[in-house]
Amino acid sequence: MSASSRPRCQGHLAVPRQRSRRDDPLSPTTLCGQKVLTVTIGRLLGAIFGVAIIAGLMGLAQMISARAADRRLVQTGYPPRTLLATRLAALGGVTVVVAAVNYGVLWLTISPGAPVLTFVFLVLAGLVYAFLGALVGALLPRLFEGSLVVVFLAMMDAFLSGDSPLAADVPEFVEYFPLYHPKELLQEAMFQGTYTTGDLGFVAGYLLVLLVLVTAVFGVTMRTSGGWSA
């Protein structure tokens with residue numbers, strides 16, 4: 001092969017021979033295919049991490065900033081579960097907006113195999129961390145400490161769950177991290193246009209467990225005779 005006929009790498013991206021923008025990134029056909037795959041997965045992980053960290057911090061901030069007002073509403077007879085439901089519904093709406101923005105940025109550089117599934121799984125990743133942030137906000141008294149916990153957890157989660165195709169197999173315990181299964185769903189929807197029901201079931205179970213924990217902790221902290229001081 002002559003030098004003029006070889007595909008060229010420009011920075012981190014490969015310029016393939018007659019390669020469509022919608023070609024499967026998991027089957028690169030260029031000498032620089034591994035770089036294309038690495039950059040593609042990097043963008044995908046950046047999108048899911050962006051949704052997770054913003055949704056987590058929003059859940060945290062909402063629970064902590066509204067704690068004093070929520071206690072007063074509970075003292076006047078407002079049901080704690082109804083109050084929590086309105087908080088989580090608003091948080092879910094914000095998460096959808098954040099996921100839409102991240103999806104739009106991702107779509108500008110990568111064409112997903114299943115656009116609707118890709119967006120839905122981005123929303124699910126955001127909801128997992130939104131509920132997780134709400135749980136941390138219900139447990140911790142101040143925003144600073146809660147932010148450190150959420151940011152540290154999200155960064156560690158993204159680092160361990162976002163395994164590189166060049167890396168060795170990840171440890172089995174990483175499969176229980178919040179972003180691992182949403183990341184697997186997102187990659188399958190993006191590259192193959194499908195999803196695994198086991199991963200989806202795990203995410204649904206994660207959301208259910210977090211919802212139960214948030215509800216229990218919120219009810220305890222809303223008691224007038226206990227919980228954190230406003």
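Both backbone and side-chain heavy atoms feed into the values below; hydrogens, waters and symmetry mates do not. Source: prediction; values computed, not measured.
- From Leu124, atom CG reaches atom CG of Leu179 across 11.5 Å, with rounding to the nearest 0.5 Å.
- Note on Val116 and Val96: same hydrophobic cluster, where clusters join Ile, Leu, Val, Met, Phe, Trp and Tyr whose side-chain heavy atoms are under 4.5 Å apart, directly or indirectly.
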May I have the list of side-chain donor-acceptor pairs in residues 127-137 shorter than 3.5 Å, sequence neighbours left out?
from   : atom 1 : to     : atom 2 : distance (Å)
Tyr129 : OH     : Leu153 : O      : 3.4
Tyr129 : OH     : Asp157 : OD2    : 2.9

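- The shortest side-chain heavy-atom distance between Pro178 and Tyr206 falls under the 4.5 Å cut-off.
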Could you list the donor-acceptor pairs under 3.5 angstrom formed between side-chain atoms of residues 45-66 and any protein atom two or more places apart in sequence or on another chain?
from  : atom 1 : to    : atom 2 : distance (Å)
Gln62 : NE2    : Arg87 : O      : 3.4
Ser65 : OG     : Ala61 : O      : 2.6

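- With sequence neighbours excluded, the residues satisfying side chain to side chain donor-acceptor pair (under 3.5 Å) with Thr196 are Glu188.
- Clustering ILVMFWY residues whenever any of their side-chain heavy atoms sit less than 4.5 angstrom apart, transitively, puts Val174 in the very cluster that holds Phe152.
- A donor-acceptor pair under 3.5 Å is formed between the side chain of Arg71 and the backbone N or O of Thr221.
- Applying the side chain to side chain contact (heavy atoms under 4.5 Å, CB included) test to Val105 and every residue at least two apart in sequence or in another chain returns nothing.
- Listed by first and then second residue, the side-chain hydrogen bond (donor to acceptor under 3.5 Å, both in side chains) pairs that reach into residues 138-156 are Arg142-Glu145, sequence neighbours excluded.
- Remark: Arg72 pairs with Ala68, Ala69 by the side chain to side chain contact (heavy atoms under 4.5 Å, CB included) rule, at least two apart or across chains.
- For residues 48-62, the set of pairs meeting the salt bridge (charged side-chain N to carboxylate O under 4.0 Å, His left out) definition, not counting sequence neighbours, is empty.
- Under a cut-off of 6.0 angstrom, the local environment of CE in Met155 is sparse, with at most 12 non-hydrogen atoms contributed by other residues, nucleotides or ligands.
- A continuous path of ILVMFWY side-chain contacts below 4.5 Å connects Val120 to Val203, so both sit in one hydrophobic cluster.
- Leu208 and Leu88 are assigned to two separate hydrophobic clusters, defined by single-linkage of ILVMFWY side chains at heavy-atom distances under 4.5 Å.
- In this structure, the separation between OH on Tyr78 and CG on Leu84 is 11.0 Å, given to the nearest 0.5 Å.
- With rounding to the nearest 0.5 angstrom, the CG atom of Leu122 is 11.5 Å from the CG atom of Leu117.
- Applying the under-4.5 Å side-chain rule to Ile, Leu, Val, Met, Phe, Trp and Tyr, the cluster around Val97 consists of that residue alone.
- Formation of a donor-acceptor pair under 3.5 Å by the His181 side chain with backbone atoms of Leu200 is not found in this model.
- Closest of all the heavy-atom pairs between Phe218 and Pro80 is CE2-O, 3.3 Å.
- Rounding to the nearest 0.5 angstrom, the gap separating the CG atom in Leu44 from the CG atom in Asn102 is 11.0 Å.
- Remark: Tyr195 pairs with Phe121 by the ring pair (Phe, Tyr, Trp, His ring centres under 6.0 Å) rule, at least two apart or across chains.
- Remark: Leu186 CG to Phe119 CZ distance equals 12.0 Å, nearest 0.5 Å.
- Taking CE from Met222 and CZ from Arg67, the interatomic distance works out to 6.0 Å, rounded to the nearest 0.5 Å.
- With a 4.5 Å cut-off between side-chain heavy atoms of Ile, Leu, Val, Met, Phe, Trp and Tyr, the cluster of Leu148 takes in Phe144.
- Across every non-hydrogen atom of Leu211 and Thr215, the tightest pair is O-OG1, 2.7 Å.
- Screening residues 109-125 for salt bridge (charged side-chain N to carboxylate O under 4.0 Å, His left out), with sequence neighbours left out, gives no hits.
- Linking Ile, Leu, Val, Met, Phe, Trp and Tyr residues whenever their side-chain heavy atoms come within less than 4.5 Å leaves Leu91 and Val101 in two separate clusters.
- Across Gly146 and Leu140, no two heavy atoms sit closer than the pair CA-CD1, 3.6 Å.
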